[in-house]
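Since the structure comes first, as C-alpha cells, the remarks are kept for the end.
Every number for a ligand or one of its atoms is a count from 1 in the order of the listing.
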Amino acid sequence: MFASSTYVMLDSAESVSNSLIKEHNVKTMKAVVVNEIDSYATEEVTLDPPKAGELLIKMKATGVCHSDLSLINGTIPMPLPCVLGHEGAGIVEEVGEEVTQFEVGDHVVLSFVPFCGECDDCHNHRPNMCTAGAAANGKMLDGTTRVHRGDEDLDVMTYLGCMAEYVVCSSICAVKIDKSIPLDKAALVGCGVMTGVGAAINTAKVEPGSSVAVFGCGGIGLSIIQGARLAGAGQIIAIDLSDNKLEMASSFGATHVINGSTEDAVAMVHALTNGGADYAFEAIGVPAAMEQTYNAIRRKGTAVIVGVGKLTDSMALNALLVSISGKVLMGSMYGDGNPPVDFPKLLSLYQSGKLNLDDMVSTTYAIDDVHSAFEDMQNNVNARGVIVYD
Ligand SMILES: [Zn+2]
Ligand SMILES: [Zn+2]
C-alpha cells in the first residue's frame, strides 16, 4: 500500500536528508524477501521513487517461476537478502525524468534482461545476451538500490524484484502492451513463455513436420511444447516424472507422453521417431536430463538446453560420438528473444487464440500466500501459479 504520492526528483533529493526523503517520498509495500538460503517471507519494505530513466509500476501479476525457487534454494547464487520475482506485469504509476516512451496508465510486461543498447551484444542484435543483463548483481543499473527494510538496502532479482506490490525499474526493462490483455496472462510472457516458445522458434528454429522431444513439463517445458506446436512440428513428445504434468502437456499440444520414472525415455524417443528426434529440449536444469536430451536426438539433430543447473554441476558427453554424430548442442537464454519485438508478437498470438495462456495460469495467490505457491510448484500442481495484487 502506498502511504503517499508526493515525490521530489532524486537529483534534488540527494541534497535532502534521509529522514526527509522518507517522510515525503518513500512508499511502504509488501514484497517477498529471500533472507537466507531456504528462508523467505512476505515482508513490509520501503521503495524509493523512480530516478531518471526509471518507472514506478503498480504490479498486477507475478508468475511464480522455477528460477525463483532456484534463487531460494541457492542453485542461482545471489547476494541475500534479495526481493524475489522476475516474471511480471503491471501498470505504470509514475514516470521518471528523461523517460519519453511511457506514460502513466500504460500496461507493461517486465523484461528481466535490460537492453542497454551500448554493449557488443546489444549492437549485434542479441539483447537477451546484454552485458548489463548478465551482471544481474541485485542492484539497479546505476549500482544502487531502491528497496529498503528499515536502514538496510535490499537487492532485487534481475533488476526487477517484482514479487512485490510495486516495482521501480529501468524503463528499458518494460514493454508496453495492449490494455485489453489480462495482466495475469501477460505476466507469463515476461519469463516462461518467452523462454519456452522462443527456445523452439528463435533458438532451435523448429521446422514444420519435424519431431520434437521435451524433457520437463513445467511452465517452460509447456511453453516449448506450445512453441513446437506453433512451428508445425509433426511429433511432440513430452517427458516428465509427473502424470499430472504429462496430462497438461497433452492439452498444450504434446502428441506423445513418456513418464521417465517408469520408462526409458531415450529409448522410447528413438522408437517413436525412428532413430532419434530432430530436436530435443531440456527444461529442468539437471545434468542427467541434459545428457538424455543430447542422447535422444538423431544424428545431426539439435539439442537445446534451457534449464538452469547448478554452477558446480557438469554434463557428460561421449567423446567419440560428439564429432561423428554431427549433433548440434545449443544453450538458450530467454528464448533468444528481443522483448520489445517478441512480447507483443507472443501476445498477439494469444489474442488470436494460437497461444494458450488462459490454461497456463492454473492458480492465483495473494502475496501473503507465497509459501503455498511454492509448495504447489514442488507438488507439480500448476502449469503456472501467479501472484495477483489488489
Ligand atoms: Zn523465470
Ligand atoms: Zn547491452
Side-chain angles (χ1 to χ4, degrees), residues 32 34 53 59 61-73 75-76 78 82-89 109-137 140-142 156-164 167 169-173 175 184-199 216-224 227 281-285 305-309 331-343 346 357 360-361 370 373-374 377-378 382-387:
V32 179
V34 182
M59 295 304 300
T62 307
V64 182
C65 174
H66 206 274
S67 295
D68 296 305
L69 185 63
S70 294
L71 194 152
I72 292 170
N73 66 27
T75 299
I76 297 177
M78 275 289 296
C82 178
V83 178
L84 209 55
H86 64 284
E87 179 181 280
V109 173
L110 302 180
S111 157
F112 66 80
V113 177
F115 173 48
C116 80
E118 294 173 1
C119 71
D120 283 351
D121 284 298
C122 283
H123 285 151
N124 281 295
H125 310 293
R126 298 186 293 257
N128 64 312
M129 304 306 291
C130 173
T131 306
N137 59 2
M140 302 297 281
L141 287 164
D142 67 1
V156 294
M157 186 174 186
T158 59
Y159 301 99
L160 298 177
C162 64
M163 206 171 277
V167 159
C169 69
S170 168
S171 65
I172 58 176
C173 291
V175 176
D184 60 332
K185 315 300 187 302
L188 306 194
V189 167
C191 177
V193 171
M194 179 73 258
T195 299
V197 175
C217 299
I220 305 278
L222 294 173
S223 297
I224 295 170
F281 297 84
E282 200 272 359
I284 308 167
I305 308 300
V306 185
V308 179
S332 181
M333 164 65 183
Y334 214 174
D336 281 319
N338 180 353
V341 174
D342 286 336
F343 287 6
L346 290 165
L357 300 183
M360 289 287 287
V361 180
V370 66
F374 281 107
M377 171 189 282
Q378 288 174 291
N382 296 325
R384 201 54 137 195
V386 177
I387 292 173

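- Atoms CG and CE, from Leu160 and Met59 in turn, are 8.0 Å apart once rounded to the nearest 0.5 Å.
- Of all heavy-atom pairs between Ser170 and Met140, the closest is N-CE, 4.0 Å.
- Note on ring orientation: taking the six-membered ring where Trp is involved, the planes of Phe112 and Tyr334 are parallel (angle under 30°, cut-offs 30° and 60°).
- Looking at His86, its side chain never comes within 3.5 Å of a backbone N or O of Gly161 through a donor-acceptor pair.
- Thr75 contributes atom OG1, which lies 7.5 Å from atom CG of Leu69 (distance to the nearest 0.5 angstrom).
- Side-chain atoms of Thr62 come within 3.5 Å of backbone atoms of Cys162 as a donor-acceptor pair (strictly under, hydrogens ignored).
- Protein-derived N/O/S atoms nearer than 2.8 Å to the Zn ion (ligand 1) total 3, waters excluded.
- For residues 109-123, the salt bridge (Lys or Arg N to Asp or Glu O under 4.0 Å) pairs, not counting sequence neighbours, are Asp121-Arg126.
- Legend: residues meeting salt bridge (Lys or Arg N to Asp or Glu O under 4.0 Å) with Glu87, ordered by chain and number and at least two apart, are Arg384.
- Of all protein atoms, those that are N, O or S and lie under 2.8 Å from the Zn ion (ligand 2) total 4.
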Could you go through Ser67 and Ile76, starting from their C-alpha distance and side-chain angles, then the distance that decides it, and tell me whether this counts as side chain to side chain contact (heavy atoms under 4.5 Å, CB included)? CA-CA 8 Å; Ser67 295; Ile76 297 177; 4.1 Å; yes

